[in-house]
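When reading the values below, keep in mind they use all heavy atoms of this one structure, side chains included, and skip hydrogens, waters and symmetry mates.
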Amino acid sequence: MMSKFKEALERGKEAREQERKVRNEQAEGVDFGAQARAWLNDVVVASLEAAKAEVAGEVTVEMDTAPRRQTKASTPSIRFKVYRKRGMEKEAVGRTFTVNVQLSGQVSVSSPGMVAREVGNIGDRTDERFSTLLAELIEDAAKGT
C-alpha cells in the first residue's frame, strides 16, 4: 500500500514539473517572438530602408512589414521585393524575398528558385551579413538577372 502511495506522489511531482516546464517554454516563446521582431526591425528594416534610399534611381526595394494573419506568429518574417526600373515604369519582373527567423534564432533569406542563405542570428545585432547579401541581390536586380 505504501509503495502505491509513493508512486502516486512521484507521478504528481513529475506532472507538476512537466507543467512548469511547459509554462516556461511558453514564456520563452513570447520573449523569442519579441526578440525576433526587434531583430527584424533593427537589422532588416533599417538595412532595407538605407538600401532603398541609396539605390532609388536604378533599383526599387519594397518592404512588406505588415503582419500576416497570425499576429503572434512563432517565427516572424518580413518580405521584400527588389526590381529594376525601366524608364517611367517599373520592370514587371522582380524577385520577392522572405527573411525568416527560425526557432533556433538563426535568420535566413529565401526566394523561389534560390537556396535559403543564412544571414545571422537574432543574438547578433550587427547587420553586416544581411547588408552584404542585400547588396548582392540589388546588384543582380540592376544587372537584370
Side-chain angles (χ1 to χ4, degrees), residues 6-145:
K6 286 182 180 181
E7 287 175 16
L9 283 175
E10 192 62 34
R11 283 193 307 270
K13 181 179 174 183
E14 288 174 7
R16 284 188 298 279
E17 287 176 14
Q18 185 65 27
E19 285 177 14
R20 254 185 256 123
K21 184 177 179 182
V22 168
R23 279 194 302 263
N24 288 341
E25 287 175 358
Q26 289 172 343
E28 288 173 7
V30 170
D31 289 340
F32 169 78
Q35 287 176 338
R37 283 186 294 281
W39 192 92
L40 289 171
N41 286 330
D42 295 347
V43 174
V44 176
V45 172
S47 296
L48 288 169
E49 287 175 349
K52 184 177 182 177
E54 193 172 314
V55 298
E58 308 170 33
V59 176
T60 300
V61 177
E62 294 179 350
M63 288 180 281
D64 178 14
T65 59
R68 292 189 188 173
R69 293 179 201 169
Q70 304 170 0
T71 56
K72 293 205 176 200
S74 61
T75 56
S77 64
I78 290 179
R79 287 191 161 177
F80 67 96
K81 187 172 185 173
V82 178
Y83 55 91
R84 183 173 55 169
K85 289 183 177 181
R86 285 205 175 151
M88 298 300 279
E89 296 183 22
K90 298 178 191 174
E91 183 176 290
V93 178
R95 287 189 77 179
T96 301
F97 301 91
T98 304
V99 182
N100 288 308
V101 179
Q102 287 99 26
L103 290 174
S104 65
Q106 286 298 109
V107 182
S108 63
V109 176
S110 62
S111 179
M114 171 184 144
V115 175
R117 299 213 11 215
E118 296 295 322
V119 291
N121 187 296
I122 62 173
D124 179 12
R125 289 290 191 209
T126 62
D127 66 350
E128 186 176 332
R129 290 176 69 186
F130 179 75
S131 295
T132 301
L133 176 62
L134 181 57
E136 290 174 21
L137 299 175
I138 289 170
E139 285 176 15
D140 288 347
K143 291 177 191 174
T145 58

>> Run the ring pair (Phe, Tyr, Trp, His ring centres under 6.0 Å) test against F130 and tell me which residues pass, sequence neighbours left out.
In response: none
>> Can you tell me how far apart CZ (R84) and CG (D140) are? Round to the nearest 0.5 Å.
In response: 11.5 Å
>> Looking at every heavy atom in both W39 and N121, which two are closest together, and how far apart are they?
In response: NE1-O, 3.3 Å
>> Can you tell me how far apart NZ (K81) and CG (L137) are? Round to the nearest 0.5 Å.
In response: 14.0 Å
> For the residue pair S108 and Q102, what are the closest heavy atoms and their distance?
Replying inline: OG-NE2, 2.9 Å
>> Please enumerate all residues that pass side-chain contact (heavy atoms from CB on, under 4.5 Å) together with E128, with sequence neighbours excluded.
In response: T132
> Roughly how far, to the nearest 0.5 Å, is CG of L133 from CD of E118?
Replying inline: 11.0 Å
Please tabulate, for side-chain N and O atoms in residues 47-54, each donor-acceptor pair with protein atoms closer than 3.5 Å (sequence neighbours left out).
{"residue": "S47", "atom": "OG", "partner": "V43", "partner atom": "O", "Å": "2.7"}
{"residue": "S47", "atom": "OG", "partner": "D127", "partner atom": "OD2", "Å": "3.4"}
{"residue": "S47", "atom": "OG", "partner": "S131", "partner atom": "OG", "Å": "3.4"}

> Can you list the residues that meet the side-chain contact (heavy atoms from CB on, under 4.5 Å) rule with V59, with sequence neighbours excluded?
Replying inline: V55, V82, I138, A141, A142
>> List the residues meeting side-chain contact (heavy atoms from CB on, under 4.5 Å) with T126, not counting sequence neighbours, and say none if there are none.
In response: D124
>> Which heavy atom of M114 sits nearest to which heavy atom of F97, and what is that distance?
In response: SD-CE2, 3.8 Å
> What salt bridge (charged side-chain N to carboxylate O under 4.0 Å, His left out) pairs are there with at least one residue in residues 103-114, not counting sequence neighbours?
Replying inline: none
> In this structure, which one of N100, T98, T96, D64 forms a side-chain hydrogen bond (donor to acceptor under 3.5 Å, both in side chains) with R79?
Replying inline: T98
> Taking all non-hydrogen atoms of both residues, which atom of P112 and which atom of R95 are closest, and how far apart?
Replying inline: O-NH2, 3.5 Å
